[in-house]
Peer 1: 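Let me begin by handing over the structure; questions about it come next.
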Amino acid sequence: MSDSDLSQEAVERLEYMDERQGGGFDRRAFLRRTALTGAAAGSVSTILAACGSSSSSSASSGGGSESVFGKHKSYKFVFVNHVTTNPFFTPTQYGAADACKLLGCSYQWTGSENSNVSQMVNALNTAVTSGADGIAVALIDPHAFNAPVEAAIKAGIPVLAYNADAVGNARLAYIGQDLKLAGEKMGERIISAVGSAVDGLFIATPGSANLQPRIEGAEKAVKSSGKPITTHSVATGAAVAQEEPAIEAWYKSHASAKGMYAVDGGSTESLAKIMQKLGLVNKGVKAGGFDLTEQTQKLLSEGNIEFTIDQQPYLQGFLPVLELFMYKVSGTLTGPAEVNTGLKFVDKETVGPYLKTKTRYEGTSSAVTVVS
């Protein structure tokens, strides 16, 4: 492309942006004093890059997405979470933030730090009364969220479930893993690894709808196998600091156990640490779990557990924003869609890319990068 063509492209971009935003700095006059009076091609390229930066920065007010979807308000969406400070949801928050930046909207992260359902319901009700444009909620209780979700929808506020779902809830769609199937697949791994022995199944909060289906799925698979495996469900607690001592105490009172498995990210990391601390791999103990915290990745690569299961937490933040946004800009004609974010076994041989690539997608970096 010639210098004049580059210059003209820059003019056209800036004129278009000026028409939409109005007022302020006269960029056309500036460009004609520079690009059109002999600026080098490299300088014009720099100006074009600046045009792109300006467009990106205006996305917070809807500018970036208006060229695709038309003029719209800067929607505000609310995520109601059950463990707001848990590191598992770091990539989920990055996903929500990235989608908002892309679409020119914003989000609020709220709920409970320790799976307190009453606090979550209060947060959901507050989102409704404050006029949120859309709500994403982890439905960790089978009944408590039914009335609040119905009230939100009646008020014209779309509600999606993410990470955890509840049968019969009026939410418009669920975005997350097929939790019971994931548990059943873990159960198949347990059967092949353990054979016949006492087996510990660790769960942060028994009964929680984001975890209980997994442990039930694992127990179902083990029972239906007909093998003499005795399973024990062990509560480790919602706080990460509680989980490691709970797992260590259980093992020391069940030293004949040949298998230990966890159904949540915090318990999985803690289990891997106990496996390392007590040298349990050398004692023939098998172990595995869910999710990919940075420590779990490292401990897995060292062989302390045999596998973990990825459910793509980044997408559980990105896709709710995308679907809520589409619901609003389409006038309710499109948007909500059931999305299974997956069931991917990661083992010592396949964990390498997670370790060497630090990204927002796994919550191991805050940097915006394209992985090549």
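This structure is a prediction, so every number in the text was calculated from the model and none was measured.
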Peer 1: Side-chain donor-acceptor pair under 3.5 Å between H72 and S65, yes or no?
Peer 2: yes
Peer 1: Only pairs at least two apart or in different chains count here, so list each ring-ring contact (aromatic ring centres under 6.0 Å, His included) that has a residue in residues 130-157.
Peer 2: none
Peer 1: May I ask you to check whether T236 and S267 show a side-chain donor-acceptor distance below 3.5 Å?
Peer 2: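 Yes, because at least one side-chain N or O of T236 sits under 3.5 Å from a partner of the opposite role on S267.
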Peer 1: Name all residues meeting the side-chain hydrogen bond (donor to acceptor under 3.5 Å, both in side chains) criterion together with K76; count only those two or more places apart in sequence or in a different chain, and write none if there are none.
Peer 2: none
Peer 1: Hey, could you give me each pair passing ring-ring contact (aromatic ring centres under 6.0 Å, His included) that has a residue in residues 270-299? Not counting sequence neighbours.
Peer 2: none
Peer 1: Less than 3.5 Å apart, any donor N or O on the side chain of D347 or T350 sitting next to an acceptor on the other?
Peer 2: yes
Peer 1: Got a donor-acceptor contact below 3.5 angstrom from the N81 side chain to the T110 backbone?
Peer 2: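 No, because the side chain of N81 does not come within donor-acceptor range (under 3.5 Å) of the backbone of T110.
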Peer 1: For K298, which residues count as a side-chain hydrogen bond (donor to acceptor under 3.5 Å, both in side chains) partner, sequence neighbours excluded?
Peer 2: E302
Peer 1: Specify whether F79 and Y162 have parallel, tilted or perpendicular ring planes, treating 30° as the upper limit for parallel and 60° as the lower limit for perpendicular.
Peer 2: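 Taking Y162 first and then F79, their aromatic rings stand perpendicular (interplane angle over 60°).
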Peer 1: Is the shortest heavy-atom distance from the side chain of P91 to the side chain of R360 under 4.5 Å?
Peer 2: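 When only atoms from C-beta onward are counted, R360 and P91 do not touch, as no gap falls below 4.5 Å.
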Peer 1: What is the minimum heavy-atom distance between G237 and E243, and which atoms define it?
Peer 2: O-OE2, 3.1 Å
Peer 1: Of the non-hydrogen atoms in A221 and I191, which two are nearest, and what is the gap between them?
Peer 2: O-CD1, 3.2 Å
Peer 1: Where is the tightest heavy-atom contact between S301 and L355, given as atom of each residue plus distance?
Peer 2: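 Smallest interatomic distance, heavy atoms only, reads CB-CD1, 3.4 Å.
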Peer 1: Can you tell me which residue pairs pass the ring-ring contact (aromatic ring centres under 6.0 Å, His included) test with a partner in residues 163-214, sequence neighbours excluded?
Peer 2: F202-W250
Peer 1: Between N169 and N146, do the side chains contain a donor N or O and an acceptor N or O under 3.5 Å apart?
Peer 2: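 Distance-only check passes for N146 and N169.
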Peer 1: Give a yes or no on whether the ring-centroid distance for Y107 and F77 is below 6.0 angstrom.
Peer 2: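 No: the rings miss the under 6.0 Å criterion.
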Peer 1: Does one side chain, of E269 or T293, offer a donor that lies under 3.5 Å from an acceptor on the other?
Peer 2: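 A donor-acceptor contact under 3.5 Å links the two side chains.
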Peer 1: With no hydrogens and no angle check, do the side chains of Q119 and S112 hold a donor and an acceptor under 3.5 Å apart?
Peer 2: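 There is such a pair (donor and acceptor under 3.5 Å, judged by atom type) between the side chains of Q119 and S112.
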Peer 1: So, T341 and Q311: side-chain donor and acceptor under 3.5 Å apart, yes or no?
Peer 2: no
Peer 1: Show which residues join L299 in its hydrophobic cluster (side-chain heavy-atom contacts under 4.5 Å, direct or indirect), or state none.
Peer 2: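 Once heavy-atom contacts under 4.5 Å are chained together, L299 still belongs with nothing else.
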Peer 1: Pick out which of F88, Y361, F89, Y94 makes a ring pair (Phe, Tyr, Trp, His ring centres under 6.0 Å) with Y314.
Peer 2: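 The ring pair (Phe, Tyr, Trp, His ring centres under 6.0 Å) with Y314 is passed solely by Y361 among F88, Y361, F89, Y94.
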Peer 1: We want to know whether H82 and N210 form a side-chain donor-acceptor pair, criterion being a heavy-atom distance below 3.5 angstrom.
Peer 2: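 Yes - a donor-acceptor pair under 3.5 Å links their side chains.
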